[in-house]
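Here is the structure we will look at, set down as structure tokens.
Heads up: numbering here begins at 1 and tracks the sequence.
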Amino acid sequence: MLHINDITFRIADRLLFEQATVAIPPGHKVGLVGRNGAGKSTLFKMILGELSAEAGDIKVRATARIGHVGQEAPGGPQSLLQTVLDSNHEMSSLNAEALTATDPDRIAYIHTRLADIGAHSAEARAATILAGLGFDEAGQARPCSSYSGGWRMRVALACVLFNEPDLLLLDEPTNYLDLEGVMWLESFLRTYPYTVLIISHDRDLLNKAVTHIVHLENGKLNSYTGGYDRFEQLRRQHMEHQMALKSKQETERRHIQSFVDRFKAKAS
């Protein structure tokens, strides 16, 4: 689904990625972690094509649809439910065309395509997602413009989830959710049928909703199987192994240096 191949990227004189490589297969739920400022959000922009690597490349499966929550939340006069439905542009366009189409072949295609993309259940799916994110039936009927920015960001998230992209990019999605919304999102992502890449500081989300962790550190991308707790355990074991190896090498170095110091004056 996604292959990041030997990318190098810097901002000004600061190196964020240096020949970083990772592959994410279809269907994997991946948490992207690393210290603040390491370049996680920058990587999202590179995947979306908003930034280009100095070297290497990022390849997404040719037919894949990428979804992410934009910076601007919807705020028009439409109801929340209609806003979510309208976010699927293909479905909206086909529904509008179905009202005026006269060619029998085109009409047949429109109805077949609408069935393929689940248009008959679209309203129920949209309502379920909005309910999970904290909007009751009355709230779903209110216009987007009547809500504050944080609530409208929930609507933006609902639009992305409703469209079911092949590669779903989520950057700190729990920032504008309450506890119930977070728990619903965890459950939703666990059963999501496509690939997910999440940036989050929410440890519970990274333990319950992902199958792999990709750690960004020192310009490299390292993949671990399991949730965040499993990642920490594996990383700690790796660091302990590296420290033990370093200690062993230092002991060997001192032994060799001692040998050299003892015999360096003898030509033999």
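A distance of 10.5 Å separates CZ of Arg152 from CG of Leu80, quoted to the nearest 0.5 Å. Taken from CD1 in Ile24 to NZ in Lys29, the straight-line distance is 12.5 Å, to the nearest 0.5 Å. Atom OH of Tyr228 is separated from atom OG of Ser200 by 10.5 Å, given to the nearest 0.5 angstrom. The CD atom of Glu186 sits 9.5 Å away from atom CG of Leu206, with the distance rounded to the nearest 0.5 Å. Here the straight-line distance linking atom CD1 of Ile47 with atom CD1 of Ile4 works out to 4.5 Å at 0.5 Å rounding. With rounding to the nearest 0.5 angstrom, the CG atom of Asp202 is 4.5 Å from the OG1 atom of Thr174.
When the side chains of ILVMFWY residues are joined at heavy-atom separations under 4.5 Å, either directly or via intervening members, Ile58 and Phe44 end up in a single hydrophobic cluster. Leu221 and Ile11 fall within the same hydrophobic cluster, defined by Ile, Leu, Val, Met, Phe, Trp and Tyr side-chain heavy atoms under 4.5 Å apart, directly or through other members. Hydrophobic clustering, with ILVMFWY side chains joined whenever heavy atoms are under 4.5 angstrom apart, groups Ile117 together with Leu161.
Listed for the Thr8 side chain is a donor-acceptor partner under 3.5 Å among the backbone atoms of Gln19. Listed for the Ser121 side chain is no donor-acceptor partner under 3.5 Å among the backbone atoms of Ala124. At least one donor-acceptor pair under 3.5 Å links the side chain of Glu54 to the backbone N or O of Arg10.
Across all their heavy atoms, Gln140 and Ser79 have their closest contact at O-CB, 3.5 Å. Heavy-atom minimum distance, Phe9 versus Leu51: CZ-CD1, 4.1 Å. Closest approach of Val160 and Leu168 over heavy atoms only: CG1-CD1, 3.2 Å.
By the 6.0 Å contact criterion, CE on Met1 is enclosed, its count of non-hydrogen atoms from other residues, nucleotides or ligands being greater than 12. Taking a 6.0 Å sphere around CD of Glu50, one finds it holds more than 12 heavy atoms contributed by other residues, nucleotides or ligands. With a 6.0 Å radius and a threshold of 12 heavy atoms from other residues, nucleotides or ligands, Gln233 has its CD atom above the threshold.
No salt bridge links Asp171 with Lys40; every basic N to acidic carboxylate O contact stays at or beyond 4.0 Å. Here Arg113 does not pair with Glu97 in a salt bridge; the nearest charged N to carboxylate O distance is not below 4.0 Å. Between Lys220 and Glu18, none of the side-chain N atoms (NZ, or NE/NH1/NH2) sits under 4.0 Å from a carboxylate O, so this pair counts as no salt bridge.
Inter-residue side-chain proximity for Lys45 and Leu169 is flagged as unmet; no heavy-atom pair is nearer than 4.5 Å. A 4.5 Å side-chain heavy-atom check between Leu85 and Ser92 finds every atom pair outside the cut-off. Annotation: side chain of Ser87 is in contact with side chain of Phe162 (closest heavy-atom distance under 4.5 Å). Under the 4.5 Å side-chain criterion, counting only non-hydrogen atoms from C-beta, Val196 is not in contact with Val210.
Taking the six-membered ring where tryptophan is involved, the planes of Tyr224 and Phe231 are perpendicular, since the angle between them exceeds 60° and thus also 30°.
Cation-pi geometry between Arg142 and Tyr147 is satisfied (NZ or CZ under 6.0 Å from the ring centre, within 45° of the ring normal).
Checking Asn36 against His201 by side-chain atom types alone, a donor-acceptor pair falls below 3.5 Å. Using a 3.5 Å distance cut-off with no hydrogens or angles, the side chains of Thr195 and Asp166 do not pair a donor with an acceptor.
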Run the salt bridge (Lys or Arg N to Asp or Glu O under 4.0 Å) test on Arg65 and Glu90 for me, step by step, so that the C-alpha distance in whole Å, both residues' side-chain angles and the decisive distance to 0.1 Å come before the verdict. CA-CA 13 Å; Arg65 296 174 301 117; Glu90 181 187 11; over 6 Å; no
Could you check Trp151 against Phe135 for ring pair (Phe, Tyr, Trp, His ring centres under 6.0 Å), going step by step and ending with a plain yes or no? CA-CA 9 Å; Trp151 284 94; Phe135 299 100; 5.3 Å; yes
Passes side chain to side chain contact (heavy atoms under 4.5 Å, CB included), Gln82 versus Glu123? Steps please. CA-CA 9 Å; Gln82 193 59 50; Glu123 187 168 328; over 6 Å; no
